[in-house]
Amino acid sequence: MSETFYITTPIYYANSLPHLGHLYTTIVADVVARHKRQRGSETLFLTGTDEHGLNIQRAAEKNDRTPQEQVDVISGELKRMFHDFRLDGENGGYDIFMRTTEPFHYAGAQHLWREIAKGVSPKGNPNIYKAFYRGWFCAPCAEFKTEEQYVMVEGSDIPHCPIHERPLDQVAEESYFFNLSDYQDFLLEMIENDPNLVKPEARRNEVISFIKGGLQDLSISRQKSSVAWGVPVPDDDDHVMYVWMDALSNYITALGFGNDRESAPGFDKYWSNVTHLVGKDILRFHTVYWFSFLHAAGLPIPGTVYAHGMWLDADGRKMGKTLGNVIEVDVLHQHFQVDAIRYFVMRDMVFGQDGKFGYENLIERANADLASGLGNLASRTFSMITKYRDGLVPDGKIAEENYLNARRAGLDPDGQELVSVVTHARDEFLRRFENFEFSQALESVWAVIARVDKMISDSKPWELIKDENQAETLNAVLYRACETLRWLSILLHPVMPEATKSIYSQIGLSDDISKIDPADLNWGELPSGTKIGETVGVFPRIDKNKVMSEIQESSQETVVSSQELDTASVPVVEEVIENFITIDDFLKVELRVGEVKVCERIPNADKLLRFEIDLGEPEHRQILAGLAEYYEPETLIGRKVVVVANLKPRKMRGLESQGMICAASLEDDSGPNPALAAFLEDVAVGARLK
RNA sequence: UGCGGUGUAGUUCAACGGUAGAACAGCGGUCUCAUAAACCGCUAGAUGGAGGUUCAAUUCCUCCCACCGCGACCA
């Protein structure tokens, strides 16, 4: 029986519309899956959506939908995108689109829970225990806020909810805990002993150092009263499973773990060789948590978890809506060939590192490598075969008595040199591919194209045709070019399924390219006399100026429409504040003009600046503000600022802050971006604002 | 502040301790089968800085600088 291969993308959280990140991960998985199928592995490729949790529950309420309707919409959008980019099953892409709302997934996730609960930790303690989860709770949100989710407000020691701008309550809720702290040694040993378990190496180091930093037990349930939309905890209807536990288990429930559906691919069959592809932002969940859950349930841990990088814009900045540098998947689909996009993302990003994605980069890459490179080689080859040999692939053998003629034309008579170049490129490609070094794999193949272009330039077929003695030389040139194209089509098929199929059929071949193992290729297997098919351009040259201006226009439209869609499906929680304050309320706030006398950084604090401010009082005020990331301290000295003068003093970083500096809080996708309040006119220090 | 990583041509990246290379871009030329393509040639660098080990350092070691990631701290 042949080897099995199971590859997964993360299941994408059904709270936001599809974007480049989803597309990228899925393309990579698709390329690998097609490659493995070609190599003869029984391959299973899984993607899908993670459809539970509070965010989804809330989005549904806002849209007047049931949660089920809500996730149907988002997973429908994702499927539509996958279909557009031919990543779906219909087009030879994923085998399973997993959805965590499937009943069989409920059964499987609960089975996993039970298996975990049945066992004990490596230190002999119960894997799951019930205790009180203490945390900061926002009642209007009905949600516990983690450190990333709450904000500290100056003048208060209590964390505030950023949405409702009110203090959080410290609440203890009964919850199930997973005994993660007992798995520290197990995880370390596992990850340190197997260099292939977490890749690339830099990410592996990160995970190791995170584990070494100590692990805390993990709350793995929420009370149904606060989060209803989820998989119920087995035998306890008051609780719902923590969404990550629910989501991660999809990788095995999809195979049939803990459920007995007919169509299941088979857990034992596929779990033996699994590769999880993840973004670097969710690596921890897929290593620390997932490995522990599996081990606790007595299941083997995966073969490889591979974290890839993120796409930045052409200047290396993070993509964000306010920067306006987002690559829209619909724009991509509308203006570019799917295969060109696939080639670009595989070729331009060194897998595992961050990459830069600009429409111009894509155009340049496609024009240089695809139009001028592979496409042009195919075009000139087929054109010559049509013109010079009536569209029949000639015999590539040169008789020994004609060797001299071939040499005179600058052609290696027996062709061994080219054969070894092509064979070597194939071997190198396969080796690189197995290591997920896609960029280098492709690079090594492109050397072959240059080599064949050179063969054509050197031997000059347009002159050979004029000399009857050079008939065999010409034949050999044409045959070699054509045979190389056959190899390239097969080799590159996983990366560019449509284009390579087209080239392959233009050669005149009709067998199924997706089932040919490149490792089995032998030079010379292209039969002479093959009638080439109709010649069609495979990679049209992209007019950069034209396409860029078209994108410019259409992106203005899509920005609007995607915003509409976004608010429709993922509502921003907006508080309509109808509470007016009276003038007396306002006058309670003492706003005064101050002049910055001293402004300096505080050692070991990334964000805090220490100010001494003259408010016209006998002593200058010391005020701390989180502005260090946005302003150079020196530039603020002498500046007039607005200060809340009667704010309750608060200690920060061991220093007392006696007031607050007013700034507009401009939100940006890259984070807050404040601007200090200032005056156009000259104002006296100490003046009151009212 | 702890751990890890990166720093090489205009750009993206290579170089078991052994003469710093490739691709793209740029400039010049050749050619016409081809998608203004291809082919040939040229240009380009004190390998972030300072030390050290060595016959020999981009590579190994130490320190410093800059940027990135993870965490801590802080918001």
Closest nucleotide among [options] to the [X] side chain:
X	options	answer
Gln353(A)	rC39(B), rC33(B), rC13(B)	rC13(B)
Asp458(A)	rC33(B), rC39(B), rA38(B)	rC39(B)
Glu463(A)	rU32(B), rG71(B), rC33(B)	rU32(B)
Arg541(A)	rC33(B), rG69(B), rA36(B)	rA36(B)
Phe210(A)	rG69(B), rC24(B), rG71(B)	rG71(B)
Trp462(A)	rC13(B), rA38(B), rU32(B)	rU32(B)

Taking the same atom, [atom1], in [N] and in [M], what whole-Å distance lies between them?
N	M	atom1	result
rC27(B)	rU47(B)	P	27 Å
rG48(B)	rU12(B)	P	14 Å
rG7(B)	rA46(B)	P	16 Å
rA72(B)	rA20(B)	C1'	41 Å
rU1(B)	rG51(B)	P	25 Å
rU30(B)	rU19(B)	C1'	31 Å
rC3(B)	rC64(B)	P	12 Å
rU62(B)	rC55(B)	C1'	23 Å

Integer-rounded Å distance: [N] [atom2] and [X] [atom1]:
X	N	atom1	atom2	value
Leu312(A)	rU11(B)	CG	P	17 Å
Ile363(A)	rU35(B)	CD1	C1'	16 Å
Asp390(A)	rC33(B)	CG	C1'	15 Å
Leu283(A)	rG71(B)	CG	P	11 Å
Gln440(A)	rU12(B)	CD	C1'	12 Å
Asp369(A)	rU35(B)	CG	C1'	14 Å
Ile282(A)	rG69(B)	CD1	P	18 Å
Leu215(A)	rG71(B)	CG	P	13 Å

>> Once side chain to side chain donor-acceptor pair (under 3.5 Å) is applied, do any residues pair with Glu612(A), and if so which ones, sequence neighbours excluded?
In response: Arg610(A)
>> So, using side chain to side chain donor-acceptor pair (under 3.5 Å) as the criterion, who are the partners of Arg365(A) when residues are at least two apart?
In response: Asp348(A), Asp369(A)
Under 4.0 Å, heavy atoms only, any strand: does [X] hit a base, just the sugar-phosphate, or nothing?
X	answer
Phe539(A)	base
Gly375(A)	base
Lys356(A)	sugar-phosphate
Ser383(A)	sugar-phosphate

Contact check, side chains of [X] and [Y], non-hydrogen atoms, under 4.5 Å:
X	Y	answer
Glu472(A)	Pro394(A)	no
Glu550(A)	Lys546(A)	yes
His493(A)	Tyr504(A)	no

> With syn defined as a glycosidic torsion within 90 degrees of 0 and anti otherwise, which applies to rA46(B)?
Replying inline: syn
>> Between Glu364(A) and Glu206(A), which residue's closest nucleotide on RNA chain B lies nearer the 5′ terminus?
In response: Glu364(A)
>> Nearest heavy atom decides the nucleotide; on that basis, is Gly537(A) or Val207(A) closer to the 5' end of RNA chain B?
In response: Gly537(A)
> With no hydrogens and no angle check, is any side-chain donor or acceptor of Asp354(A) less than 3.5 Å from a backbone partner on Met310(A)?
Replying inline: yes
>> Between Ser379(A) and Gly375(A) (side chain of the first, backbone of the second, donor and acceptor by atom type, cut-off under 3.5 Å), is there such a pair?
In response: no
> So, Gln506(A) versus Ser502(A): side-chain donor-acceptor pair below 3.5 Å or not?
Replying inline: yes
>> Under a plain distance cut-off of 3.5 Å, with no hydrogens placed, do Asn435(A) and Arg432(A) share a side-chain donor-acceptor pair?
In response: no
> Taking RNA chain B as the partner, which of residues 185-205 of chain A come within under 4.0 angstrom of it by heavy atom?
Replying inline: Arg203(A), Asn205(A)
> Do any of residues 442-454 of chain A sit with a heavy atom less than 4.0 Å from RNA chain B, and if so which?
Replying inline: Ala450(A), Asp453(A), Lys454(A)
> Should the pair His308(A) and Phe351(A) be assigned to parallel (<30°), tilted (30 to 60°) or perpendicular (>60°) ring geometry?
Replying inline: tilted
> Going by the angle between their ring planes, with limits at 30° and 60°, are Tyr289(A) and Phe293(A) parallel, tilted or perpendicular?
Replying inline: tilted
> Which stems, defined as runs of 3 or more consecutive Watson-Crick or G-U wobble pairs with both pairing distances under 3.5 Å, involve RNA chain B?
Replying inline: B:1-7 with B:65-71, B:10-13 with B:21-24, B:26-30 with B:38-42, B:48-52 with B:60-64
> Picking from Tyr183(A), Trp244(A), Trp290(A), what satisfies ring pair (Phe, Tyr, Trp, His ring centres under 6.0 Å) with Phe178(A)?
Replying inline: Tyr183(A)
> Do you know which two heavy atoms are closest between Phe344(A) and Lys356(A), and how far apart they sit?
Replying inline: CZ-O, 3.9 Å
Scan the side chains in residues 185-202 of chain A for donor-acceptor partners under 3.5 Å anywhere in the protein, sequence neighbours excluded, and list what turns up.
{"residue": "Asn193(A)", "atom": "ND2", "partner": "Glu189(A)", "partner atom": "O", "Å": "3.2"}
{"residue": "Asp194(A)", "atom": "OD1", "partner": "Asn196(A)", "partner atom": "N", "Å": "2.9"}

